[in-house]
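Small disclaimer: the values here were computed from a predicted structure and weren't measured. By convention here, the first residue in the shown sequence is residue 1. These values consider heavy atoms only, across backbone and side chains, with no hydrogens, waters or symmetry-generated copies.
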Amino acid sequence: MSGSHIEDRAERPSGRVALALALTAVFVVVEAAAGLWSGSLALLSDAGHNLTDAIALGLTWVAVRMSARPPHAGKTFGYHRAGILAALVNSTTLVVVSIGIFYQAYRRFQSTPAVRSEVLIGVGLVAFLVNAGTAWLLKHGSEDDLNLRSAFVHLMADVFSTIGAVLAGVAIHFTGWNWLDPAVSVFIGFLILWNAWGILRETVHILLESAPRSVDMKRLLGDLKSVKGVNSVHDLHAWSLTESLLALSAHIVIDDISISQGARIRRDIDEMVRSRYGIGHTTLQMESAECESCFLYCGMAKNHTSRRKERS
């Protein structure tokens, strides 16, 4: 059995997350105080919504700090999955937020209240600056990190919300059409739901130990067999620890050769899967026996063929 060490290549942006959290928390306090002072329910409601962003950022920060911890006897893979769990919670709360937006929009369509457009525009502009600034802090690295992406989507949802609120406020000011406020909210709710669903689906995909979406298993099997010295491959697994940290294990059938020759084959496989598939952790068992039908990949191939025949 051989394995390459897991290298954590992800940047640890805990400082940027902490700054975004501090800015959001301060804005929540200021907005809540302004709502109490002015008696504005809209401001108090938005402060409550921004409080969910602060909670999401706090969870993201904790997960970033946890995932930086080294592995130990109790957690041999370390805490990489902490970020995935945080993304799962954050994306779930985004779904809840969007449902809440739909409910409030429905109530406002039933009985549309008068909207103070000048307050809506003024607070919306300030909220846009705060949310856009904190979202910018988290954008770097969010492409390959579900934890950061879930927090980034939280903040971008607020950016679009505030843009919609400002545009609705301007339109209401000139037309008096108060129904534009809930109409814009419905559009924003669907936008939040769409992004939340993508993150939720990816986190569940990773937690179920599914094959990475970027890895074509059939092609991977063919590439493994094409490595010089490899006779066949079975018991093949590929999965994701995080979105950017991929792992693979397999039984490699080779001739009855020396250990040093087997080590050369292992190194060739490690280099191939790293360069072609971005898989940074491999666990390979070198064998000199033929593939048996009970082993995983052989069984998967047979089952796949059987299902195709049934469909036809």
Side-chain angles (χ1 to χ4, degrees), residues 1-10 67 70-73 75-81 83-84 143-146 201-312:
M1 185 81 69
S2 66
S4 62
H5 295 291
I6 296 177
E7 296 181 0
D8 184 10
R9 296 170 294 176
S67 59
H72 54 78
K75 296 286 187 297
T76 56
F77 274 115
Y79 293 83
H80 296 288
R81 285 284 173 85
I84 302 301
E143 299 85 356
D144 301 316
D145 189 318
L146 275 176
R201 182 180 60 180
E202 190 62 30
T203 55
V204 171
H205 185 82
I206 290 175
L207 291 174
L208 288 177
E209 305 287 356
S210 305
R213 299 186 190 278
S214 60
V215 176
D216 184 332
M217 293 298 291
K218 184 177 180 181
R219 179 187 170 200
L220 173 61
L221 179 62
D223 287 343
L224 288 171
K225 288 181 177 179
S226 68
V227 174
K228 185 178 179 181
V230 174
N231 295 331
S232 64
V233 178
H234 62 91
D235 204 15
L236 174 62
H237 304 265
W239 69 98
S240 305
L241 291 174
T242 67
E243 194 175 25
S244 59
L245 186 57
L246 311 184
L248 174 146
S249 69
H251 290 205
I252 307 297
V253 180
I254 59 177
D255 293 330
D256 190 2
I257 56 180
S258 66
I259 293 177
S260 60
Q261 290 175 302
R264 177 188 57 78
I265 296 174
R266 177 184 59 78
R267 287 194 299 270
D268 290 343
I269 292 175
D270 286 344
E271 177 58 32
M272 185 274 292
V273 298
R274 183 180 295 109
S275 60
R276 296 185 188 179
Y277 297 94
I279 299 176
H281 175 72
T282 59
T283 302
L284 306 174
Q285 180 168 310
M286 316 303 281
E287 300 176 345
S288 57
E290 291 300 322
C291 176
E292 299 177 15
S293 60
C294 61
F295 286 111
L296 178 63
Y297 198 87
C298 303
M300 284 198 301
K302 182 184 292 185
N303 292 336
H304 179 68
T305 303
S306 300
R307 283 197 299 269
R308 291 185 64 182
K309 287 181 179 179
E310 290 174 1
R311 291 170 184 168
S312 60

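Of the options D223, L221, V227, a side-chain contact (heavy atoms from CB on, under 4.5 Å) to K225 is made by L221 and by none of the others. When each of N231, V230, D235 is checked for a side-chain contact (heavy atoms from CB on, under 4.5 Å) with V233, only V230 meets the rule.
From I254, atom CD1 reaches atom CZ of R266 across 11.0 Å, with rounding to the nearest 0.5 Å. Between D270 atom CG and I265 atom CD1 the span is 12.0 Å, to the nearest 0.5 Å. One finds the CD1 atom of I269 at 11.5 Å from the CD1 atom of I279 (value rounded to the nearest 0.5 Å). If you take CG on L224 and OG on S232, they are separated by 11.0 Å, rounding to the nearest 0.5 Å. If you take OH on Y277 and CG on L246, they are separated by 12.0 Å, rounding to the nearest 0.5 Å. Atom NE2 of residue H281 and atom CZ of residue R274 lie 11.5 Å apart, to the nearest 0.5 angstrom.
Side chains of D256 and S288: a donor-acceptor N/O pair is absent below 3.5 angstrom, by distance only.
Annotation: side chain to side chain contact (heavy atoms under 4.5 Å, CB included) contacts of A211 (sequence neighbours excluded): M217.
In this structure the side chain of T283 never reaches within 4.5 angstrom of the side chain of H237, judged on heavy atoms. In this structure the side chain of L241 never reaches within 4.5 angstrom of the side chain of I84, judged on heavy atoms. Residues R81 and L207 form a side-chain contact, since some pair of their non-hydrogen atoms from C-beta on lies under 4.5 Å apart. Looking at heavy atoms from C-beta onward, L248 lies in side-chain contact with L220 at the 4.5 angstrom threshold.
Looking at S210, its side chain does come within 3.5 Å of a backbone N or O of H205 through a donor-acceptor pair.
For R213 against R201, the heavy-atom pair with the smallest separation is NH2-CG, 3.8 Å. What you find for S275 and M272 is that their closest heavy atoms are OG-O, 3.2 Å.
Residue L208 qualifies as enclosed at atom CG: its count of foreign heavy atoms under 6.0 Å is above 12.
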